> 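One structure is given below, represented as structure tokens, and several questions about it will come after.
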Amino acid sequence: MELHYDTIENLHKRLIKKEIKPSDILDSVFKRIEAIDPKVHSYLKLTKERAYEMAKAAEERIIKNDNVTELTGIPLGIKDNMVLKGVETTCAAKMLEGYKPPYTATVLTKLEKAGAVFTGKLNMDEYAFGSSTENSAFGPTKNPWDLQRVPGGSSGGSAACVAAGLCIGSLGSDTGGSIKQPASLCGVTGMKPTYGRVSRFGLIAFGSSLDQIGPITRTAADNAIILKHIAGRDENDATSADIAVPDYSALLKDSVKGKVIGLPKEYFIEGLDPEVKQKIMDAVAVFEKLGAKIEQISLPNTEYAIDVYYVVAPAEVSSNLARFDGVRYGLRDKGAENMIDMYKKSRQKGFGRETKRRIMLGTYVLSSGYYDAYYKKAQKVRTLIKNDFDKAFEKVDIMLTPTSPTTAFKIGEKAADPLTMYLSDIFTIAPNLAGLPGMSVPAGNDSKGLPVGLQILGKWFKEQDIYDAAYTFQKNTDWHTKMPSIY
Amino acid sequence: MTTAEKYEVVIGLEVHVELSTATKIFCGCKNKFGGEPNTNICPVCLGLPGSLPVVNREVVRRAVKTGLALGCKIAARTKFDRKNYYYPDLPKAYQISQFDMPIAEHGKITIVGKDGSRKEIGITRAHMEEDAGKLVHLTKTGQIADAEESLVDYNRGGVPLIEIVSEPDMRSSEEAYNYLITLKSILKYIDVSDCNMEEGSLRCDANVSVRPWGQKEFGTKVEIKNMNSFNNVRKALDYEIERQVKIAEAGEKIIQETRLWDGGKAKTFSMRGKEGSHDYRYFPEPDLPPFEIEQPFMDEIKKEIPELPVQKMDRFTEKYGLPLYDAGVLTQSIETADFFEEAAAKCNEPKLVSNWMMTELLGRMNEAGTESISKTNITADSLSKMIQLIQKGTISGKIAKTVFDVMFKEGGDPEKIVAEKGLVQISDTGAIEAAVDKIIAANPKAVEDIRGGKPQGMGFLVGQIMKETKGKANPQMVNEILKKKLG
């Protein structure tokens, strides 16, 4: 039975009708993984045994009709920066090889309660630093649409596995675009919720003021299902918002009639691939045809976003990653002669190049004498960027932009040039600095057959607006149903 | 003028107080001293990857209470910051502390000298932070440098601390000592900490400098650490002042540095130069949003603050007519003060209660090393009853000491003790007359001398009569009757 490319919505219907069992879906997914994942390398670790136990428990719930949710029995992959008790969690870093956390992230506890089944831990850029998954210490993930190309990053494994039918949905995390950009490059639907919407407890921190967990799926409807189960206030995360979680999937509306959609001119600039631009304008035309009102808008401080991001995020990184010192867990260099030497050698061996680059950047901008010039100033500009959005959202309901300026690039193409790589997130970074929710949905393929992603931005905590727009778009297009022909 | 008198001493103190809350500052672990190493720990206070801090509301409450009791202005809005540095006892490699927006600032407390002179010592700030773990060095020689291995106990990690920084307002080691006694007394009054210096729940670092009288600028300051008792603080300061004066007199430069007090050698030793001073790279803790201290919360806490030691001392001198010194001693702890007031109210003899407490009760407690009156067998009720027995003439002051002895050792009701031990005073005129007659008859020489105008013998005769009555005769009556008989 081929079930690995089915949607959560459909699988749920079949599960409760008892046409299929959770283990049937798992069989299909694991068969697919065995055949395809050696080529894609989206998983770092499979949790097969545990998955079948979870599927068995889900099946019992379904038989007894005991607290069955839309996720009961649905196989999901987890980005390897979310801790799962007793299961190796590495952040794709050598530093954490073999590290088994003694507790479970809030999102995973919630998914477990909903009856979801975890297939395994997914590849990513080391500590989520990157836009291509090439920075994984355990080898890159390949784009299922073209194995010579990157899947984007840092949640490259999470996007690639959904695109290749290696799970039904997955969790990624997004700091500067790490869900949206790989979703775009892999032709899947990825949501980065409002900062504070989803608990970060158990998410290994990158940029604490930016990090957010979100779902990657093949449809907006599936995405809404996962988000509603993971969102909400968590007593263990002081930055999680105490705002009620709507039933996103039940509330989905197939209409954008009368909605005002903003097109920020700063997102249609030079450097944007003309083919990408064309697909985005085609998508805009779909919305217009469906009765939305299109407005040209401006977010004047957009040009500073990357600079601000590469001050603020590394600053937090330098502090967040200081705990990986070889004292308590993870890699410790055995040849060290004293304490300082142990710190130095362990960190030298445990961290990859990009990780070291960001730690150095962050340490520098927080140093006495530079703090005001960099960190403090960046925070001020961050406020200006947020104010841009605040103002623009007075006039529009959502915004449409390209997710990334290009489609998937070749492995190795940008690896040597961090600045070019950083530009890959140019459209996702500004809204993330503002804490806004945003989604990437497939909007067609370029002449090479590579997917283009449309970014939909909404107001703070108005994920519903984004879901409605994405859902409507997907009701009227079939880009999201196209999957790579990989066998 | 001696050499030392040519210099003005300037001292500022930094006091760290562990709050005696039930749980730690950022997690639910028990806040408990000692115990098996690494038993009161969890992912949060271990700083495990993915864990997040959540502020313990009780810590904020106690910090506000402390601030108010120290006459500080409480911040309407406050936040936490990260202080970054590497040490194995600091599991996140940063300490969550408060940098530029402490919860309390600009306070002052009054210290009272032995002569009754008063002085205000400014409180620069009081802020909340977390404690670090404890290192145990496995070494044969007792020297850290020779340790083959070091172990870390994180039970103390995350224990809530308040750091109280004074202005450089103290001008002698005596004032510094006085400040500490007063501060400790206030903190115990408001019941935020047990202030046990031996157990490390109160720790003190001192900044000290000297300057020629009249000089406006401060001299180069030296920080002294590792003083584990108030007496040691005084000794260390005296040593350090002498050291600095010698250097200044020799025309040499005092080096800005941190010095450790070695109690055994009674000397301070240089620890590290401050020129390579730490860059802690403070920045706002992104995991804990800034928060407001709301007025109702503050008002509620204000109501809980009792009359503080100095006010109480003043009231004791005025209301009860106690000498300043006695009032000072009796008000050092709220328990002692309450005991005094209760006993004084019961027997209406405040002066006697004070005398008995000062000379007998507190003296015996000191000898026995008893910390609080509640741990002795004496109650306000029993002490006041005993004093009433003296007042009624049932027992003499001298016998009362015997009664008090029994009460202190075994407890019990003074009336019963007096009855059981046959200690009732003889106030029967007949019985006393008989004894007086007997002694007069037995000592013709002394009687002769007194009658001959040498009254010195009176004391001897009274002593003999008291001996005859086994100390139970009412001394006043003995005097009167003897005088009458000798006419």
Side-chain angles (χ1 to χ4, degrees), chain A residues 81-83 89 91 93 95-96 99 101-106 127 196 199-205 207-211 234-240 312 315-316 318-330 338-340 342-343 362-371 375-376 379, chain B residues 26-28 38 41-57 79-96 99-100 133 135 137 144-145 147-154 157 277-291:
Chain A
N81 59 353
M82 294 167 221
V83 299
T89 300
C91 264
M95 181 62 93
L96 281 177
Y99 173 68
Y103 75 108
T104 296
T106 300
Y127 287 110
S199 167
R200 294 185 294 117
F201 187 72
L203 170 69
I204 299 180
S208 311
S209 71
L210 294 150
D211 295 344
D234 176 11
E235 292 305 323
N236 289 320
D237 176 2
T239 63
S240 66
V312 173
E316 293 176 1
S318 70
S319 176
N320 284 334
L321 268 64
R323 72 190 66 193
F324 302 105
D325 57 7
V327 174
R328 290 156 299 272
Y329 46 80
N338 55 45
M339 187 180 83
I340 302 292
M342 175 189 74
Y343 286 150
T363 305
Y364 180 77
V365 300
L366 287 178
S367 297
S368 129
Y370 297 99
Y371 180 87
Y375 186 79
K376 211 166 177 185
Q379 289 293 11
Chain B
F26 299 124
C27 63
N38 296 314
I41 52 168
C42 73
V44 176
C45 58
L46 275 184
L48 292 186
S51 67
L52 294 172
V54 176
V55 181
N56 178 348
R57 197 180 154 86
K79 69 173 168 72
F80 284 97
D81 300 273
R82 290 187 184 177
K83 179 180 179 180
N84 296 284
Y85 66 94
Y86 286 93
Y87 208 63
D89 65 5
L90 192 66
K92 299 185 292 295
Y94 58 81
Q95 180 192 31
I96 305 178
F99 183 52
D100 56 346
L135 288 182
H137 302 286
I144 293 176
E148 300 215 342
E149 245 183 305
S150 297
L151 306 173
V152 203
D153 174 7
Y154 291 106
S277 92
H278 254 107
D279 181 357
Y280 290 119
R281 289 176 285 117
Y282 278 103
F283 76 104
E285 166 57 284
D287 290 331
L288 298 169
F291 57 99

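Since this is a predicted model, take the numbers as computed values, not measurements. Protein chains get the first letters and strands the later ones, always in sequence-line order, with residue 1 at the start of each.
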> Do Arg323(A) and Ser51(B) have side-chain heavy atoms sitting under 4.5 Å apart?
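Result yes, sub-4.5 Å side-chain heavy-atom pair found.
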> Which atoms of Met339(A) are under 4.5 Å from chain B, going by heavy atoms: the side chain, the backbone, both sets, or neither?
side chain
> For the residue pair Pro289(B) and Ala238(A), what are the closest heavy atoms and their distance?
CG-O, 3.5 Å
> Can you tell me which of Val83(A), Asn236(A), Asn81(A), Leu210(A) forms the most heavy-atom pairs within a distance under 4.5 Å of chain B?
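If we count pairs closer than 4.5 Å to chain B, Asn236(A) comes out on top.
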> Considering residues, nucleotides and ligands other than Tyr282(B), do more than 12 of their heavy atoms fall under 6.0 Å from its OH?
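Yes, OH of Tyr282(B) has more than 12 neighbouring heavy atoms, counting only those of other groups under 6.0 Å.
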> With heavy-atom distances below 4.5 Å as the criterion, would you say the side chains of Val54(B) and Glu235(A) are in contact?
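Heavy-atom side-chain distance check fails, nothing below 4.5 Å.
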> Under 3.5 Å, side chain of Arg328(A) to main-chain N/O of Pro91(B), donor-acceptor pair present?
yes
> Do the side chain of Asp279(B) and the main chain of Ser368(A) share a donor and acceptor less than 3.5 angstrom apart?
yes
> Calculate, to the nearest 0.5 Å, the distance between atoms CG and OG1 belonging to Leu52(B) and Thr106(A) respectively.
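Between Leu52(B) CG and Thr106(A) OG1, I get 8.0 Å after rounding to 0.5 Å.
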> Check whether any side-chain heavy atom of Val44(B) lies under 4.5 Å from a side-chain heavy atom of Phe201(A), and answer yes or no.
yes
> Restricting to non-hydrogen atoms, name the atom on Glu316(A) and the atom on Arg82(B) that form the minimum distance, rounded to 0.1 Å.
O-NH1, 4.3 Å
> Please state whether the side chain, the backbone, both or neither of Asn338(A) comes within less than 4.5 Å of a heavy atom of chain B.
neither
> Does any backbone or side-chain atom of Phe324(A) lie under 4.5 Å from a heavy atom of chain B? Answer side chain, backbone, both or neither.
side chain
> So do the side chains of Arg281(B) and Ser318(A) get within less than 4.5 Å of each other, counting heavy atoms only?
yes
> Checking heavy atoms, do the side chain of Val55(B), its backbone, both or neither come under 4.5 Å from chain A?
neither
> Need one label for Tyr154(B): side chain, backbone, both or neither, based on atoms under 4.5 Å from any heavy atom in chain A.
side chain
> Given heavy-atom pairs under 4.5 angstrom as the criterion, report whether the side chain, backbone, both or neither of Asn84(B) touches chain A.
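Contact with chain A involves the side chain of Asn84(B) alone.
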> Is Ser199(A) close to chain B through its backbone or its side chain, or both, or neither, when contacts mean heavy atoms under 4.5 Å?
neither
> Would you call the rings of Tyr375(A) and Phe283(B) parallel, tilted or perpendicular, where under 30° means parallel and over 60° means perpendicular?
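Judged by the thresholds at 30° and 60°, the geometry between Tyr375(A) and Phe283(B) is perpendicular.
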> Are the side chains of Pro49(B) and Met95(A) in touch, meaning some heavy atoms are under 4.5 Å apart?
no
> Roughly how far, to the nearest 0.5 Å, is OG of Ser319(A) from NZ of Lys92(B)?
9.5 Å
> Select, from Asp325(A), Thr239(A), Ile340(A), the one with the greatest count of heavy-atom pairs under 4.5 Å involving chain B.
Thr239(A)
